[in-house]
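These numbers come from the heavy atoms of this one structure, side chains and all, not from hydrogens, waters or symmetry mates. Letters go in sequence order (proteins before strands), and every chain restarts at 1.
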Protein chains: 2
Amino acid sequence: MNYLQEIIKIDKSSKEISCKKGEILQYAGTITSLAYYVKKGLLRSYSIDGKGKEHVFIFASEGWIMADIESQEFNTPTELFIECLENSELIVFDRKCLVEAKLSDEQRKDEIRLMSRRIAVLQRRVLLLMSSSAKERYNSFLATYPDLPNRVPQHMIASYLGITPQALSTIRREMVGKN
Amino acid sequence: MNYLQEIIKIDKSSKEISCKKGEILQYAGTITSLAYYVKKGLLRSYSIDGKGKEHVFIFASEGWIMADIESQEFNTPTELFIECLENSELIVFDRKCLVEAKLSDEQRKDEIRLMSRRIAVLQRRVLLLMSSSAKERYNSFLATYPDLPNRVPQHMIASYLGITPQALSTIRREMVGKN
DNA sequence: CAATGGCATTCATCTAGATTAATTAATCCC
DNA sequence: GGGATTAATTAATCTAGATGAATGCCATTG
């Protein structure tokens with residue numbers, strides 16, 4: 001939180017906004033360096049592939065920052081949409097501003113810690129996608145994000161896992177049977 | 001390079017080492033905060049899953065840093081092995097040392113830039129794993145790392161792509177036919 | 001309250017890629 | 001150089017999960 005307060009001080013353009021369920025905060029194809037800290041509520045980012053299929057990249061609930069670092073780093077148009085899944089309270093700030101600012105060592109360390117965490121999450125995700133069955137990935141999802149199943153429609157969870165809603169439905173049926 | 005020179009100055013335990021093809025630099029199950037800058041040569045990191053199957057997580061050739069940020073961030077034992085694929089010249093340093101050190105804003109920015117790049121790579125990888133066929137992933141691999149196919153055995157590329165060596169062989173045959 | 005439209009479920013079929021196994025081609029090493 | 005080990009290819013089968021289509025379920029909105 002501390003870190004965020006600093007950001008707000010530094011980035012004069014940063015501000016608190018509230019947004020409604022269903023709003024799209026970012027469209028693929030645009031160039032932006034905005035990031036969204038989730039104070040309350042829930043966001044998701046997703047891409048749409050060549051066949052028009054959606055793929056959920058990440059969910060961001062309270063305390064997480066949603067930012068398309070990939071496009072910002074390479075300065076290319078975003079592949080990601082960002083959508084508001086619940087009425088939310090957000091703090092928007094400009095990552096470019098952050099990069100250019102002069103920060104203390106402590107502040108930079110906080111930034112690095114956040115990035116490390118993100119890398120860690122992505123590393124797990126890659127290894128999971130490569131080595132586990134759909135059922136294993138679903139169980140791992142439940143263990144890692146126990147509150148999300150109640151807040152996110154099932155077909156988005158399926159998309160996050162890289163499977164179809166039908167496949168997830170089948171997995172759930174089988175799991176119920178085993179309890 | 002600049003960034004690295006600084007690291008070497010700061011981390012008194014850092015040193016240049018050379019290692020031979022086939023050497024294992026890190027074993028899964030250990031706790032370590034070492035990172036390896038590749039001056040010359042090639043490394044790979046990989047995990048071994050419950051069924052004894054290897055999964056290549058990442059290759060690191062000249063100019064890249066190999067580090068298991070996931071385990072270092074959460075301070076848990078590594079899931080990753082790091083293996084030397086060619087006789088290599090490396091600079092080993094301790095990330096913990098780096099975290100604790102007092103660095104200039106410029107130095108921290110360099111660090112953040114490196115991490116951003118890593119996140120970008122992982123983001124692409126996740127989206128690719130979720131949305132593309134094996135053939136598409138292979139083509140993307142060829143485009144992104146054009147030098148690696150000549151330096152890395154095919155079964156490791158297959159493993160990186162998340163498919164079997166047989167499947168990769170078939171894909172290659174089909175591609176030759178189409179040229 | 002009906003009616004509409006999105007969501008989850010079920011089932012029948014299909015397919016990309018896994019698995020198994022055998023064959024050939026490279027590498028290694030004494 | 002020749003025997004042994006590892007890598008790549010091919011082909012025959014199998015399977016997890018995709019696709020397509022039908023059905024029931026709320027939850028909205030008029």
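- In this pair, B:Y27 and B:F81 present their aromatic rings perpendicular. The plane angle is above 60°, beyond the 30 to 60° band.
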Counting primed atoms, P, OP1 and OP2 as sugar-phosphate and everything else as base, the B/S/- map of nucleotides 19-30 of chain D against protein heavy atoms under 4.0 Å is BBB---------
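- Here the side chains of A:L42 and A:L148 are in contact, with some heavy-atom distance below 4.5 Å.
- Counting non-hydrogen atoms under 4.0 angstrom, A:P165 reaches nothing in the nucleic acid.
- Each of A:L168 and B:I171 was assigned the nucleotide of DNA chain C with the nearest heavy atom; the assignment lying further toward the 5' end belongs to A:L168.
- Nearest heavy-atom pair, B:E83 versus B:G22, reported as atom, atom and distance to 0.1 Å: OE2-CA, 4.1 Å.
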Checklist entry - Are B:D105 and B:R108 close enough, and set up right, to give a salt bridge (charged side-chain N to carboxylate O under 4.0 Å, His left out), and what steps lead you there? => result CA-CA 5 Å; B:D105 200 36; B:R108 289 295 183 201; over 6 Å; no
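- Using a 4.5 Å cut-off on side-chain heavy atoms (C-beta onward), B:D49 and A:L127 make no contact.
- With respect to A:K39, the side chain to side chain donor-acceptor pair (under 3.5 Å) criterion is satisfied by exactly one of A:E16, A:E89, A:E62: A:E16.
- As judged by a 4.0 angstrom heavy-atom cut-off over every strand, A:G162 is placed among residues touching the sugar-phosphate backbone only.
- From the 5' end on, the contacts that DNA chain C makes with chain B at under 4.0 Å to a non-hydrogen atom open and close at C:dG17 to C:dC28.
- Aromatic rings of A:F59 and A:Y145 (six-membered ring for Trp) have centroids beyond the 6.0 Å cut-off, not under it.
- Contact detail for B:L168 and B:Q154: the closest heavy-atom pair is CD2-O, 3.5 Å.
- B:T170 comes within 4.0 angstrom of nothing in the nucleic acid, heavy atoms only.
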